[in-house]
Protein chains: 2
Amino acid sequence: MPAVAREVDRFQQFLQQQGLKLTSERTALVREIFSTHYHFEADELLFKMKEKSVKISRATVYRTLELLVKSGMVRRVHLGEDHYHYEHVSGNSHHDHLICTTCGGVIEFHDEEIERLQRAICEKKKFTPTFHNLQILGVCESCTRRGETPDAPDRVKMIQATRLRK
Amino acid sequence: MPAVAREVDRFQQFLQQQGLKLTSERTALVREIFSTHYHFEADELLFKMKEKSVKISRATVYRTLELLVKSGMVRRVHLGEDHYHYEHVSGNSHHDHLICTTCGGVIEFHDEEIERLQRAICEKKKFTPTFHNLQILGVCESCTRRGETPDAPDRVKMIQATRLRK
DNA sequence: CCCTAAACTGAGACTCAGTCTCAACTCGTC
DNA sequence: GACGAGTTGAGACTGAGTCTCAGTTTAGGG
């Protein structure tokens with residue numbers, strides 16, 4: 001899997017620059033993150049590693065995520081109304097999110113015109129932007145078709161059931 | 001202060017509709033919220049009530065905030081990268097936020113063109129939006145002038161020092 | 001190839017926002 | 001004024017995330 005190896009390399013380079021070390025734990029985490037797609041939570045990651053019998057502590061997971069965020073390889077996002085989610089930033093550049101409050105699904109989008117207007121506003125307010133975050137909450141196409149009402153807790157419960165602490 | 005009284009009234013009406021009761025605690029909280037401006041945290045509110053020697057428990061503060069959110073009088077927002085913040089929705093309609101990562105200041109803005117583009121995207125993706133949330137993080141004008149670098153922890157520490165638990 | 005300093009790790013204690021429980025206490029309606 | 005539904009406070013609890021510290025690993029100079 002050359003794509004994943006390239007990411008490990010990228011991280012390695014970042015670490016070296018900072019005088020930090022590439023450990024087996026960090027490698028394993030980067031591999032896991034970049035071989036799955038889209039968004040994940042810290043606890044999910046912890047759980048997956050445990051599933052694979054790779055022993056990595058909660059602290060290390062959080063520490064590694066912090067480093068990945070610093071390196072720009074991973075982004076921290078608020079999806080919906082909860083704790084943090086993370087998403088990896090491989091080739092795929094900036095995008096924003098449509099979040100379905102029924103099924104929890106996430107649709108990414110990018111609109112250069114919106115970006116441009118945001119820059120214009122910052123200029124007008126003499127504000128120097130470093131990052132932004134646009135989420136639109138609502139109901140996705142397939143949930144609308146199934147006549148779902150917003151706020152179905154099913155998926156949330158499912159996720160919680162698979163979560164394993166300690 | 002007729003404006004605040006009007007808000008209490010509005011809440012009263014909402015409660016009645018739901019078969020709920022207006023208590024002295026709820027009145028006190030609504031008064032506090034609508035007499036201060038802009039954004040606040042749940043703990044801040046708790047602390048302010050304690051300062052005024054109005055005895056209201058943590059649980060009641062959270063419960064009342066939930067009701068206010070349901071009634072549409074208060075909105076829950078993510079400002080920066082932390083826990084929840086709340087803002088009241090009196091006359092002032094929807095807006096988004098520029099958040100200064102140096103001083104913690106918040107500038108509100110509204111741009112109808114951005115709103116329109118968002119609706120267009122939802123339509124294209126057949127997504128039914130219910131709410132959205134746009135934050136732009138960066139450095140505000142006065143912090144830029146003071147040559148501040150992002151991420152000054154001063155204000156955060158200050159807030160934490162004034163916070164009082166239990 | 002080995003040594004060493006600096007960096008890293010895991011276990012678990014800790015924090016902090018937010019939720020839950022339950023007995024005691026209102027509110028508002030009859 | 002009495003009653004039942006709704007509300008409250010105290011404090012236990014939860015869950016995400018952070019911190020600590022003793023023991024372990026890495027990298028790179030010799």
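Residue numbers begin at 1 in each chain, while the letters A, B, ... track the order of the sequences.
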Kindly check if the number of other-residue, nucleotide or ligand heavy atoms within 6.0 Å of CD (A/Glu141) is above 12?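 For A/Glu141, atom CD is crowded (more than 12 foreign heavy atoms under 6.0 Å).
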Looking at A/Gln18, I want to see if its CD is surrounded by more than 12 non-hydrogen atoms of other residues, nucleotides or ligands under 6.0 Å.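 Result for CD/A/Gln18: enclosed.
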Taking only the side-chain nitrogens and oxygens of B/Tyr62, find out if one of them lies under 4.0 Å from OP1 or OP2 of C/dT19.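 So the side-chain polar atoms of B/Tyr62 never come under 4.0 Å of the phosphate oxygens OP1 or OP2 of C/dT19.
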Selected nucleotide, minimal atom distance to A/Asp43 side chain, candidates C/dC8, C/dG18, D/dA16: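 Ranking C/dC8, C/dG18, D/dA16 by closest atom to the A/Asp43 side chain puts D/dA16 first.
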Starting the side chain at C-beta, find the nucleotide from D/dT8, D/dA16, D/dA10 nearest to B/Lys55.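 My answer, after comparing the listed nucleotides, is D/dA10.
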Value in whole Å for how far the [atom2] atom of [N] lies from [atom1] of [X]:
X       : N      : atom1 : atom2 : value
B/Leu15 : D/dA5  : CG    : P     : 19 Å
B/Gln18 : D/dT7  : CD    : C1'   : 16 Å
A/Glu44 : D/dG15 : CD    : C1'   : 15 Å
A/Leu46 : C/dG12 : CG    : P     : 14 Å
B/Phe14 : D/dG6  : CZ    : P     : 14 Å
B/Leu67 : D/dG6  : CG    : P     : 13 Å
A/Phe11 : C/dC8  : CZ    : C1'   : 12 Å
B/Glu41 : C/dC16 : CD    : P     : 12 Å

Should the pair [X]-[Y] be classified as a salt bridge under the 4.0 Å nitrogen-to-oxygen rule?
X        : Y        : value
B/Arg10  : B/Glu7   : yes
A/Glu25  : A/Arg63  : no
A/Glu113 : A/Arg116 : yes

Ring-plane angle category for A/His97 and A/His39, please: parallel below 30°, perpendicular beyond 60°, tilted otherwise.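 Aromatic pair A/His97/A/His39 classed perpendicular.
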Contact state string [nucleotides 20-30 of chain C, B base, S sugar-phosphate only, - no protein heavy atom under 4.0 Å]: BB-----BS--
Lys NZ or Arg CZ of B/Arg76 over B/Tyr84 ring: under 6.0 Å, within 45°: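 The answer is yes; both the distance and angle limits are met.
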